[in-house]
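Below, each value reflects all heavy atoms present in this structure, side chains not excepted, and no hydrogens, waters or symmetry copies. Chain identifiers are assigned alphabetically (A, B, ...) following the order of the sequence lines, protein sequences preceding nucleic acid strands; residue numbering begins at 1 within each chain.
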Amino acid sequence: MTNITPLNEPDISEAPELLAQEAEEVGAPRRSSLRPLLPTMTGWLAVGIGLVVLIIAFAVVGPWLVSDPTVIRDMGLTAPSSEHLLGTTQTGQDVLAQLAFATRGSLQIGILVGVLATALSVGFGIYGAYAGGVADEAFSLLSNVFLVIPGLLLVIVIAAFVPREARGWWTIAVVLAITSWAGSARVLRAQTLSVRGRDYVSASRVSGEPAWRVIAVEILPNLLPVIASQFVFAVIAAILSEAGLSFIGLGAANSWTLGTMLFYAQNGFALSLGAWWWFVPPGLMIALFGMGLSLINFSIDEVINPKLKNVRLHRRRARKIRRLEEAARA
Amino acid sequence: MLPGNPVDILLAKLQQRGGTVTDDTRKAYALLLGGDDDTPLIQQYWQYLVRLVHGDLGVSVTYYPARVSDVIATSLPWTIALVGISTILAASIGVALGMIAGWRPGTWLDSLVPATTLLAAVPYFWLALILVYLLSRVLGWLPGQGGYDVVLDPGWSWEFISSAIYYGILPALTIVIASLGGWLLGMRNMMVSTLSEDYILTARAKGLRERRIQLHYAARNAVLPSIAGFAISLGFVVSGSVVTEQVFSYPGIGSRLLQAVTNNDYALMQGVFLVITLAVLGANLAVDLLYGLIDPRTRAKG
């Protein structure tokens, strides 16, 4: 990135925008100090939150409502009907039931990897940049090395070396986390470097605060939007790579994920037999969940980069002016 | 340390074909593959490095008795052609669309941008399955399997090349659709950020034509991160499409790697990884050199 000016520092050119924003909201109750850290509610954000909440609810509640996904019936590959809402697989298993359990499995892995990768990137990115010196050099070298390693390939090789019986979903999650933290560690490092030199951080350092306290109390709150957006990205990436891994048959043993569903669909010739109800729902589920998370990320991006937000505010003010003009004319 | 043994796999293959396996056969194979050796590891590694310098990557177990360098040489062009062309297409289309969407933020076109996240969140291989189902099975327009018509002999004949292009349309379409969104979004956001710069205002004040401002002032600066991203993604061209190649049974480097992994073919794995690492490192070097060329600001800093 050539844009090296710190993004979350108030800029003189943005002051009129902030004033305009405040002027627009005269009479609204005073906003809390957390407000600038939270994204503004827009139509797309509402769609995103809606999608994510619905899918999480389906993953949590779904498995209790559906029948046993492993039951084999003598009605292979039947199209969706009132009895089996999404039809059946080649061996007569209910696709909807499988989808519920698979969604739960995929989300579990996604969230676990998201948490692990974010923890790693926060640790390496922020601590390295804060400590400076040898630690910084070592940590950025490490993250650069991990950045160049093609993630999915390493995952494939590691997954193939771990014997099938020992390949639980924890193993897969750890492997995915280890290969995916580096990118966000770099982003966090850059942001920390810009925050580290601020006066209030120096002040608390000089007054003898321990390193962990300076990081946790002074630096972390400034980075929260960035961390949140990196977390959301990590979850999407993890779900996608897990699905890819399971699809080529190297996923976790004895686990139900959306990738394994696609794997069985592909190997059960769902494609050549035209059983669209078998292979469309799992991928659509991943796509919709990923879309929901990306839409949430869009709004977080506006918090990180206020220039993007100004665009929307401009538009809103233009609309308002037009309305006022029309009212004046009438 | 690692499970599985290439010698066992070769012997099992031999047995399947009706060969008899004695202790001597086992020993012969082990010697051939460089195992069953009492020399210390560090010395073996040195021997490997020496052979590497001479261009000898060893013998592949999966495609026995082909040499690893030959296996890679036959599969690399497929991947580079397919993924390379589709990456170039996706990047140029995405950047162009992003430039148009970001130029007038707030228009109906721009408000559609969030919808492209759906494209970015779609799993590559699932999109491939859907496209195969629709275009190949239902409509029957394009072939859904393989890299060329198997009746033809690979070579530089027009017949073969046109068949390769025909078979490559569907995988390329998959990659383009799935990666378009990311390019578009990155370019759009940079364009919006650039538009609020002072030099754009100056250009407007000077009364320059809109088109000139759009292309020479805004887009030229906004495209810098996309160019860097493009060079990096060219490095990942070699490795980027393992799963897509698997769906289409494409004869590229990705499916070779998968074969190697499932057969414990360490020599082939090492070879493929070497090629991928070289590609990624080369691309990163290219980015650094390119950046000095296209962005004078990085040169000015001492």
Side-chain angles (χ1 to χ4, degrees), chain A residues 1-3 13-14 43-44 47-48 148-154 156-157 159-163 236 239-240 243-245 247-250 258-259 262 265-266 270-272 274 276 279-280 282-284 286-295 297-298 301 305 307-308 310-312 314-315 318, chain B residues 1-4 105-106 110-111 113-115 117-127 129-130 132-133 136-138 144 181 185 189-190 192-193 195-196 198 221 224-225 228 235-236 238-240 242-243 246-247 254 257-258 261-262 264 269 272-273 276-277 280-281 284 291 295 297-298:
Chain A
M1 295 285 281
T2 48
N3 194 358
S13 68
E14 276 151 23
W44 282 114
V47 172
V148 188
I149 297 174
L152 189 63
L153 288 193
L154 188 68
I156 288 175
V157 171
F161 280 153
V162 180
I236 304 175
I239 290 179
L240 282 176
L245 209 55
F247 179 69
I248 51 181
L250 291 171
L258 296 165
L262 287 168
Q266 164 90 343
L271 215 55
S272 39
W276 55 267
F279 64 86
V280 170
L284 202 61
I286 299 178
L288 288 178
F289 190 69
M291 182 185 178
L293 287 181
S294 311
L295 289 177
N297 237 358
F298 253 64
D301 275 349
N305 185 357
K307 279 179 183 167
L308 295 177
N310 291 339
V311 171
R312 200 161 39 73
H314 271 306
R315 208 185 320 162
Chain B
M1 187 174 80
L2 298 169
D110 186 44
S111 54
V113 165
T117 52
L118 182 65
L119 291 183
V122 166
Y124 270 51
F125 56 93
W126 180 71
L127 189 69
L129 288 179
I130 299 288
V132 168
Y133 178 70
S136 174
R137 212 194 91 82
V138 176
L185 198 63
N189 280 356
M190 273 313 288
V192 171
S193 299
L195 282 185
S196 59
D198 288 339
N221 284 292
L224 292 176
F236 283 97
V238 182
S239 63
V242 180
V243 186
Q246 177 74 0
V247 173
L257 179 74
L258 267 185
V261 166
T262 42
N264 285 322
M269 266 192 266
V272 170
F273 261 84
I276 289 168
T277 316
V280 174
L281 289 180
N284 274 304
Y291 235 89
D295 189 356
R297 279 171 294 186
T298 49

Q | Shortest non-hydrogen contact between A/Ile236 and A/Ser294, atoms and distance | A | CD1-OG, 3.6 Å
Q) Under a 4.5 Å heavy-atom cut-off, does chain A meet the side chain of B/Leu129, its backbone, both or neither? A) both
Q: With a 4.5 angstrom heavy-atom cut-off, could you sort out which part of A/Leu284 is near chain B: side chain, backbone, both or neither?
A: both
Q. Atom CG in A/Asn297, atom CE in A/Met291: separation rounded to 0.5 Å?
A. 13.5 Å
Q. Ring pair (Phe, Tyr, Trp, His ring centres under 6.0 Å) with A/Phe289: which residues, sequence neighbours excluded?
A. none
Q.
Shorter than 4.5 Å, heavy atoms on both sides: which option in A/Leu288, A/Leu295, A/Val280 has the most such pairs with chain B?
A. A/Val280
(Q) Need one label for B/Leu185: side chain, backbone, both or neither, based on atoms under 4.5 Å from any heavy atom in chain A. (A) side chain
Q | Per-residue contact mode, A/Phe247 against chain B (heavy atom under 4.5 angstrom) | A | side chain
Q) Between A/Ile286 and chain B, which part of the residue has a heavy atom less than 4.5 Å away: side chain, backbone, both or neither? A) both
Q | Contact summary for B/Phe273 and B/Leu257, nearest pair of heavy atoms | A | CE1-CD1, 4.2 Å
Q: Over all heavy atoms of both residues, which pair between A/Pro282 and A/Leu262 is shortest? Give the atoms and the distance, please.
A: CB-CG, 4.0 Å
Q. What part of A/Val47 lies closer than 4.5 angstrom to a heavy atom of chain B: side chain, backbone, both or neither?
A. neither
